[in-house]
Amino acid sequence: MDLDFTEAELQRYSRHILLQDVGAIGQAKLRAARVLIIGAGGLGAPLALYLAAAGIGTLGLVDHDALELSNLQRQVIHSTARLGRNKAESAAETLAGLNPEVRVEVHATRLDAATAEALIPRYDIVCDGTDNFETRFLLGDACHLLGRPLVSAAVLRFEGQLSTYKSHLGPPFPCQRCLHPEPPPPGLVPSCSEAGVLGAVTGVMGTLQATEVLKEILGIGEGLAGRLLLWDALDMRFRTVRLRRDPGCALCGEGASIRDLSAHGQAQGAPAPLACSLA
């Protein structure tokens, strides 16, 4: 592990290095880490900002959407001047200004089975900041099958939830399908664009998500693997519930029937070039 820091790095990360549970070795772990963020929106914005500020060596950003005015109520990594720009590219521009030491890999594309198979193995940890069940289930399946931990957050109205999934390590860790075996029927759960969301709620959950990612990389504290954190902002109450591995789970159970990503569409290997690097 490279413990050779520049004077600028020592100054930038001095508050980390002072922490007994981080120190120079921990900061070196952060610098060596590669983290993939799916979605540069309400959750991905604070998540990416804090991971870049913390000194994660490489951040991958996946988002195909163009920035709209209605996004700016919560997606604080963007600016009004960038309306119409791709969100991943816009976020990378902000991160380059925040911390030029971090390498940002931009994937301005929609995540599907092929891109998941091509991208996920390149990174150490995957973060779900998406807003639809189709992509959430694709990510949960892909991370289990490709052997990567998934830190997943979700928000709606005044509530948020967060968990870490490491089912690829085997029992006792559950996968995402142990909690939700199948996506809900269309129209049953409203989206944020239909039901609304308090902007600051996405900020809190995205920041908690970043905290869990840093803990996973540093190997400190108690993570959320096997637990689900629930937050009600109106009552200002946090509670944690235990998640158990389902022996009959179609993804991680003893007789698992999901062995590839074919249910999410054909994954034919790497697609056309996806990424450009913005440093």
Side-chain angles (χ1 to χ4, degrees), residues 15-16 19 21-22 35 37-51 53-54 70-77 125-133 135-137 139-140 143 149-167 172-185 187-246 249:
R15 301 306 189 271
H16 273 179
L19 290 170
D21 289 334
V22 181
V35 178
I37 300 173
I38 312 299
L43 291 166
L47 171 62
L49 286 169
Y50 272 104
L51 292 183
S70 62
N71 300 146
L72 298 180
Q73 164 255 13
R74 63 202 176 279
Q75 299 178 17
V76 294
I77 202 168
I125 298 179
V126 180
C127 303
D128 181 3
T130 63
D131 61 357
N132 66 87
F133 287 104
T135 307
R136 285 186 179 277
F137 274 80
L139 273 177
C143 285
L150 172 65
V151 181
S152 179
V155 295
L156 185 64
R157 299 189 180 100
F158 302 96
E159 299 177 349
Q161 67 179 46
L162 173 66
S163 189
T164 297
Y165 298 98
K166 299 195 289 187
S167 54
F173 297 113
C175 73
Q176 194 166 250
R177 285 186 183 267
C178 292
L179 176 62
H180 299 295
E182 296 290 341
L188 181 63
V189 179
S191 66
C192 289
S193 61
E194 297 167 328
V197 62
L198 190 69
V201 171
T202 65
V204 171
M205 296 310 301
T207 303
L208 288 173
Q209 198 174 6
T211 304
E212 287 304 299
V213 172
L214 296 175
K215 286 165 56 183
E216 286 291 326
I217 295 169
L218 294 169
I220 61 175
E222 182 180 0
L224 282 172
R227 299 188 298 154
L228 178 68
L229 178 71
L230 302 169
W231 178 47
D232 186 329
L234 291 182
D235 292 337
M236 196 48 74
R237 291 182 180 174
F238 287 89
R239 65 189 181 98
T240 305
V241 298
R242 182 68 59 181
L243 300 180
R244 300 190 182 279
R245 191 177 178 107
D246 178 7
C249 176

Asks: Taking Gln73 for its side chain and Val197 for its backbone only, find out whether a donor-acceptor pair lies under 3.5 Å.
Replies: yes
Asks: Looking only at atom types and distance, does a side-chain atom of Ser163 sit under 3.5 Å from a main-chain N or O of Arg227, one as donor and one as acceptor?
Replies: yes
Asks: Return the CD to CD distance between Glu159 and Gln161, rounded to the nearest 0.5 Å.
Replies: 9.0 Å
Asks: Dump the intermediate steps for side chain to side chain contact (heavy atoms under 4.5 Å, CB included) on Trp231 and Val201, then the final yes or no.
Replies: CA-CA 9 Å; Trp231 178 47; Val201 171; 3.9 Å; yes
Asks: Nearest 0.5 Å please: distance from the CD1 atom of Ile38 over to the CG atom of Asp131.
Replies: 12.5 Å
Asks: Are any side-chain N or O atoms of Gln209 and backbone N or O atoms of Val151, one a donor and one an acceptor, separated by less than 3.5 Å?
Replies: yes
Asks: Keeping Gln176 on the side-chain end and Arg136 on the backbone end, is there a donor-acceptor pair under 3.5 Å?
Replies: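 Yes: the side chain of Gln176 pairs with the backbone of Arg136.
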Asks: So do the side chains of Lys166 and Pro149 get within less than 4.5 Å of each other, counting heavy atoms only?
Replies: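 Result yes, sub-4.5 Å side-chain heavy-atom pair found.
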Asks: Above 12 or not: heavy atoms from other molecules or residues under 6.0 Å from CZ of Phe173?
Replies: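 Counting neighbours around CZ of Phe173, more than 12 heavy atoms of other residues, nucleotides or ligands fall under 6.0 Å, so yes.
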Asks: Got Leu218 and Asp21 here, is their nearest side-chain heavy-atom distance under 4.5 Å?
Replies: no
Asks: So which atom in Cys127 and which in Val213 form the shortest heavy-atom distance, rounded to 0.1 Å?
Replies: SG-CG2, 3.5 Å
Asks: Can you check whether Tyr165 reaches Asp128 side chain to side chain, under 4.5 Å on heavy atoms?
Replies: no
Asks: Drop me the distance from Glu212's CD to Leu47's CG, to the nearest 0.5 angstrom.
Replies: 11.5 Å
Asks: For the side chain of Thr211 and the backbone of Thr207, is there at least one donor-acceptor N/O pair under 3.5 Å apart?
Replies: yes
